[in-house]
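Position 1 is the first residue of the sequence; numbering continues from there.
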Amino acid sequence: MAKLNFGGTEENVVTREEFPLAKAQEVLKNEVVAVIGYGVQGPGQALNQKDNGINVIVGQRKGTKTWDKAVNDGFVPGETLFEIEEALEKGTVICYLLSDAAQIALWPTVKKHLTPGKALYFSHGFGITFKEQTGIIPPADVDVFLVAPKGSGTSLRRMFLQGRGLNSSYAIFQDATGKAKDRVIALGIAVGSGYLFETDFRKEVFSDLTGERGTLMGCIQGVFAAQYEVLRKNGHSPSEAFNETVEELTQSLMPLVAENGMDWMYANCSTTAQRGALDWWKRFRDATKPVFEELYNSVATGVESQKSIDSNSKPDYREKLDIELKELRDSEMWQAGKTVRSLRPENQVVEA
């Protein structure tokens with residue numbers, strides 16, 4: 001295990017060089033990995049394991065769109081695709097990849113199939129960390145751990161097919177067999193992680209919920225909307241406002257940040273842009289930090305988890321979600337984005 005040092009803070013990191021796929025295959029050679037749920041993370045993790053030679057099966061309800069998707073992805077009913085209870089019975093590692101609300105609903109069924117020596121695998125610390133709200137309390141004689149890819153299942157699969165890996169965190173909540181560490185690292189490699197960094201269930205879910213509501217999704221949409229609206233109010237066209245708010249960031253600048261960091265991106269922009277960014281970034285930090293403090297406290301005290309459980313458990317959740325997503329989709333900014341994206345060279349049809 002490698003040690004990374006960040007200004008005196010050491011972190012444990014596992015790379016594919018020190019834990020190669022061949023080692024992961026050896027650790028998992030006698031396991032049946034049952035992926036329960038084929039929605040957000042399920043397809044990417046299941047397909048990557050399948051392509052990596054792991055004995056993986058999928059548990060899903062027959063007659064659903066996700067069952068059909070699994071069939072289209074190459075899982076065979078009765079061989080590698082089963083009803084959920086049959087997959088739970090067959091699996092020695094249960095990859096519990098349903099939504100948080102669905103995990104709560106199905107937990108009594110899952111628990112009865114967690115016989116001694118099995119492993120319960122999560123990609124999120126939600127169910128275990130907020131056990132008072134979820135009721136998810138595993139038996140003491142099974143391993144419990146997580147591998148949390150730092151991105152969507154779609155990104156995990158795309159990067160795998162490109163020969164790349166998506167960074168993931170891993171954590172062990174319960175080591176009943178003495179093999180939990182090898183099992184979780186092997187699974188992390190098998191699902192397509194570039195490297196794995198160590199955390200615990202509580203830290204994973206606190207950082208994840210903060211990130212989703214913050215810079216990854218909630219904050220970035222709010223910042224996009226604020227700048228776009230100011231530009232439009234001051235007479236800029238939808239195209240100009242969108243390009244200066246979203247398109248240049250996502251298509252030009254963020255790839256530079258990903259490549260070598262923010263300082264390197266600054267160094268590769270005009271001196272005027274550098275000066276302005278250096279003058280203004282601390283003001284944005286100071287303006288938003290109180291909001292992030294409030295957000296983190298809401299996560300840590302269980303307010304956000306309870307909101308999520310209450311909302312996502314309602315029978316009309318999907319209909320209400322579609323209404324809220326439609327508001328985003330139909331906003332002028334994202335309609336402008338749809339038009340701008342169509343003008344990218346790779347999206348244009350050139351007449352012969």
Side-chain angles (χ1 to χ4, degrees), residues 1-35 41-42 44-56 91-97 117-125 128 142-205 207-208 211 257-261 264:
M1 181 178 294
K3 294 276 188 183
L4 293 185
N5 193 298
F6 299 93
T9 300
E10 281 196 342
E11 290 191 26
N12 294 325
V13 173
V14 181
T15 68
R16 290 191 286 189
E17 286 70 32
E18 61 186 302
F19 205 111
L21 178 59
K23 184 175 180 179
Q25 291 168 333
E26 178 64 23
V27 169
L28 300 173
K29 66 181 180 181
N30 295 320
E31 304 277 16
V32 177
V33 181
V35 173
Q41 280 287 336
Q45 293 201 30
L47 288 168
N48 289 358
Q49 289 186 78
K50 179 172 176 278
D51 290 350
N52 275 332
I54 307 303
N55 184 11
V56 60
T92 60
V93 176
I94 307 302
C95 291
Y96 206 22
L97 301 182
K118 285 193 176 187
L120 179 61
Y121 165 113
F122 294 88
S123 282
H124 192 18
I128 294 292
V142 300
D143 292 344
V144 182
F145 43 66
L146 68 77
V147 172
K150 297 297 104 179
S152 68
T154 300
S155 298
L156 183 73
R157 181 60 177 166
R158 284 178 179 173
M159 292 176 76
F160 177 86
L161 294 173
Q162 294 166 1
R164 303 160 61 203
L166 184 64
N167 303 334
S168 302
S169 60
Y170 77 94
I172 298 170
F173 178 75
Q174 192 166 279
D175 184 3
T177 66
K179 302 184 296 182
K181 188 169 185 179
D182 276 352
R183 279 171 131 179
V184 69
I185 298 299
L187 286 159
I189 297 300
V191 301
S193 302
Y195 72 82
L196 296 137
F197 61 92
E198 189 175 21
T199 187
D200 60 43
F201 273 63
R202 180 177 176 274
K203 288 177 180 174
E204 191 284 329
V205 73
S207 62
D208 189 69
V257 176
E259 195 172 337
N260 278 310
W264 191 79

Salt bridge or not for Glu26 and Lys29, using N-O below 4.0 Å? yes
Could you check whether Asp208 pairs with Lys203 (Lys NZ or Arg NE/NH1/NH2 to Asp/Glu carboxylate O, under 4.0 Å)? no
Please report the shortest heavy-atom distance between [X] and [Y], naming the atom on each side.
{"X": "Ala190", "Y": "Leu28", "value": "CB-CD1, 4.2 Å"}
{"X": "Leu156", "Y": "Gly192", "value": "CD1-O, 4.0 Å"}
{"X": "Leu146", "Y": "His124", "value": "CD2-C, 4.1 Å"}
{"X": "Leu166", "Y": "Pro149", "value": "CD2-CB, 4.0 Å"}
{"X": "Cys95", "Y": "Gln49", "value": "SG-NE2, 4.4 Å"}
{"X": "Leu97", "Y": "Ser123", "value": "CD2-OG, 3.5 Å"}

Distance from [X] atom [atom1] to [Y] atom [atom2], nearest 0.5 Å?
{"X": "Asp200", "Y": "Ile128", "atom1": "CG", "atom2": "CD1", "value": "12.5 Å"}
{"X": "Arg158", "Y": "Arg164", "atom1": "CZ", "atom2": "CZ", "value": "11.5 Å"}
{"X": "Thr15", "Y": "Ile185", "atom1": "OG1", "atom2": "CD1", "value": "10.5 Å"}
{"X": "Ile189", "Y": "Tyr195", "atom1": "CD1", "atom2": "OH", "value": "12.5 Å"}

Do [X] and [Y] have side chains that get closer than 4.5 Å, going by heavy atoms?
{"X": "Val144", "Y": "Phe201", "answer": "yes"}
{"X": "Phe197", "Y": "Lys150", "answer": "yes"}
{"X": "Leu196", "Y": "Phe19", "answer": "no"}
{"X": "Lys181", "Y": "Tyr170", "answer": "yes"}

Working note: Val191 + Tyr121, criterion side-chain contact (heavy atoms from CB on, under 4.5 Å); need CA distance, chi angles, decisive distance, verdict. CA-CA 12 Å; Val191 301; Tyr121 165 113; 3.8 Å; yes
Given Val93, which partner from the list Val142, Val33, Asn55 fulfils the side chain to side chain contact (heavy atoms under 4.5 Å, CB included) test? Val33
Within the supplied structure, the quantity of interest is the number of heavy atoms (other residues, nucleotides, ligands) at a distance under 6.0 Å from Arg202 CZ; does it exceed 12? no
Of Lys118, Lys179, Arg183, the residue whose pairing with Glu31 passes salt bridge (charged side-chain N to carboxylate O under 4.0 Å, His left out): Arg183
Given side-chain contact (heavy atoms from CB on, under 4.5 Å), test Leu120 with Phe173 step by step and report yes or no. CA-CA 10 Å; Leu120 179 61; Phe173 178 75; over 6 Å; no
Counting N and O atoms only, with roles assigned by atom type, does the side chain of [X] sit under 3.5 Å from a partner on the main chain of [Y], one being a donor and the other an acceptor?
{"X": "Gln25", "Y": "Ile54", "value": "no"}
{"X": "Ser193", "Y": "Ser168", "value": "no"}
{"X": "Asp143", "Y": "Ala176", "value": "yes"}

Side-chain donor-acceptor contact under 3.5 Å, Glu204 with Ser169: no
Could you go through the side-chain contact (heavy atoms from CB on, under 4.5 Å) check for Glu259 and Trp264 one step at a time? CA-CA 8 Å; Glu259 195 172 337; Trp264 191 79; 3.8 Å; yes
